[in-house]
Amino acid sequence: TDAILKGLTIKNGYAYKGGGIYADNSSPTIENCIIKDNQAYATWGEWNERGGGGIQLNNSSSILNDLIIYDNHSAVNGGAVFVAGNENNFSKTVQIINTKIFGNTAGDHGGGIGAFYASLEINNTVINNNNSDAEGVAYYSYKSQIIMENCLIYENNKDDTPNGTRSVYFDYDGAQIINTSIINNDDGVFTNGEYSHGSSFTFTNCILWNRDYDILIAQDTLNPNTTIPTITYSIIKTGYIGTGNIKLNPLFVDATNGDYRLTNYSPAIGAGTTTGAPTTDIDGNVRPNPDGSNPDMGAYESSLGVYIP
């Protein structure tokens, strides 16, 4: 199905899966919609039948564009959005673009977004103030192919839930994270994977600046089969060995009030690489700016080519 849902508010849904919207083997385009106060109540069944407080997509190539998804709940996975595909078949890709995801909760994985065996691209999207009772307070994916670009993930907190940890969790994925800011969460990124399973995790031009750790590897790092994340041209508060990495304060405009643009004094300005960098930032500003300079680290591009020391 190539249905288009546009300009709607979908609220107060209550369903076994996909509390607000459920698409199975179909690919609707959903744009300029508000998805709020929906609930998926399934607590048992197959893994792909338990999720999506706001939206669940199974075997889909849907485009979710310019959405506001908030205050939804899933009893299991994906408080806002749950994407499920087929193991080892990534022929269908879901795109999430220019979307705000906040205030959602999950009883298990992925307070904001959950993905299992999925191909998923997330661009220019803000994920904040979500919660879950298990791993992936903001985001969780398992054995999926992920591209995340120009995203801001901040202030996702576990609210003292004992198992609600690891704000962003990549579990046996192939994940490429580019010009993304993961900031002021209770904890940062958790990776779990082995080379023999095809897992890979690359971070380029990112800012990881959280209250606890910024990057944590689940497997034994001395095991040669453990997938070690490749991080380059990024700011990591706790430090990480990689080309172009630094651990200096990124000097945001007003982090207290959620403004994570860069001040003119930020060491993130002009410190990224053009290789693989998007041509615009999260707000649609040209990247790099000015032309001929190096891009900034993080989701936002400043107007300067180099920072003011």
Side-chain angles (χ1 to χ4, degrees), residues 1-6 8-31 33-87 89-97 99-122 125 127 130-146 169 171 173:
T1 299
D2 295 322
I4 298 175
L5 282 70
K6 186 172 183 179
L8 302 176
T9 296
I10 298 174
K11 64 180 183 178
N12 298 328
Y14 183 74
Y16 183 77
K17 51 189 174 182
I21 297 172
Y22 176 73
D24 184 27
N25 289 297
S26 61
S27 300
T29 294
I30 307 169
E31 58 185 20
C33 290
I34 297 171
I35 316 293
K36 68 172 185 175
D37 297 322
N38 301 287
Q39 182 173 347
Y41 63 81
T43 57
W44 60 274
E46 295 296 324
W47 58 267
N48 62 344
E49 296 181 347
R50 296 179 295 166
I55 301 170
Q56 178 168 341
L57 304 168
N58 283 352
N59 300 318
S60 177
S61 297
S62 284
I63 298 173
L64 311 184
N65 183 30
D66 196 22
L67 304 184
I68 300 173
I69 310 174
Y70 69 99
D71 289 353
N72 302 282
H73 175 73
S74 170
V76 186
N77 300 311
V81 180
F82 182 59
V83 181
N86 290 316
E87 186 173 7
N89 180 0
F90 300 111
S91 61
K92 295 183 177 181
T93 299
V94 169
Q95 298 177 63
I96 301 176
I97 308 165
T99 288
K100 295 179 174 61
I101 297 172
F102 59 93
N104 304 282
T105 57
D108 202 357
H109 295 91
I113 297 174
F116 281 59
Y117 302 113
S119 176
L120 178 61
E121 298 180 3
I122 308 172
T125 288
I127 305 172
N130 301 284
N131 202 358
S132 68
D133 290 343
E135 292 92 346
V137 172
Y139 172 92
Y140 175 88
S141 53
Y142 176 71
K143 289 191 174 181
S144 297
Q145 296 296 311
I146 307 299
Y169 193 127
D171 198 359
D173 297 314

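Being a predicted model, the structure only gives us computed values, none of them experimental.
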Just how far is it from atom OG1 of Thr105 to atom CD of Gln39, taken to the nearest 0.5 Å? 8.0 Å
In a check of side chain to side chain contact (heavy atoms under 4.5 Å, CB included) between Val94 and each of Ile63, Ile55, Val83, which one passes? Val83
Selection residues 101-111 - residue pairs positive for salt bridge (charged side-chain N to carboxylate O under 4.0 Å, His left out), sequence neighbours left out: none
So, Asn130 versus Tyr139: side-chain donor-acceptor pair below 3.5 Å or not? no
Are side-chain heavy atoms of Tyr169 and Val137 found at a separation under 4.5 Å? no
Using the side-chain contact (heavy atoms from CB on, under 4.5 Å) rule, take Ile10 and Ile30 through it: C-alpha gap first, then chi angles, then the decisive distance, then the call. CA-CA 11 Å; Ile10 298 174; Ile30 307 169; 5.9 Å; no
Test item: Asn104 side-chain N/O and Asp71 main-chain N/O as donor-acceptor pair under 3.5 Å: yes
Asn72 side chain vs Asn38 backbone, donor-acceptor pair below 3.5 Å: yes
Can you classify the ring geometry of His109 versus Phe116 as parallel (below 30°), tilted (30 to 60°) or perpendicular (above 60°)? perpendicular
Rounded to the nearest 0.5 Å, what separation is found between the OG atom of Ser26 and the CG atom of Leu57? 8.0 Å
Test salt bridge (Lys or Arg N to Asp or Glu O under 4.0 Å) applied to Lys100 - qualifying residues, sequence neighbours left out: none
List the atom of Gly19, the atom of Ala40, and the distance in Å for their closest heavy-atom pair. N-CB, 3.9 Å
For Ser62, the side-chain hydrogen bond (donor to acceptor under 3.5 Å, both in side chains) test, sequence neighbours excluded, returns Ser60
At what distance, to the nearest 0.5 angstrom, does OG1 of Thr125 lie from CD1 of Ile113? 7.0 Å
Could you walk me through whether Tyr117 and Asn89 pass the side-chain contact (heavy atoms from CB on, under 4.5 Å) test, one step at a time? CA-CA 8 Å; Tyr117 302 113; Asn89 180 0; over 6 Å; no
Which pair of heavy atoms, one from Gly111 and one from Ala106, lies closest together, and at what distance? CA-CB, 3.9 Å
Determine, stepwise, if the pair Tyr22 / Asn58 fulfils side-chain hydrogen bond (donor to acceptor under 3.5 Å, both in side chains). CA-CA 8 Å; Tyr22 176 73; Asn58 283 352; 3.2 Å; yes
Non-hydrogen atoms of Gly136 and Tyr140 that approach each other most closely: CA-CB, 4.1 Å
Output the distance between atom CD1 (Ile146) and atom OG1 (Thr93), rounded to the nearest 0.5 Å. 9.5 Å
Looking at Asn25 and Lys92, what are the two nearest heavy atoms and their distance? OD1-NZ, 4.3 Å
Between atom OG1 of Thr29 and atom CG of Asn65, what is the distance when rounded to the nearest 0.5 Å? 9.0 Å
Mind checking the NZ-CG spacing from Lys36 to Leu67? Nearest 0.5 Å is all I need. 14.5 Å
Where do Asp173 and Ser144 come nearest, in terms of heavy atoms and distance? OD1-N, 2.7 Å
In terms of heavy-atom contacts, Ala115 and Leu120 come closest through CB-CD2, 4.2 Å
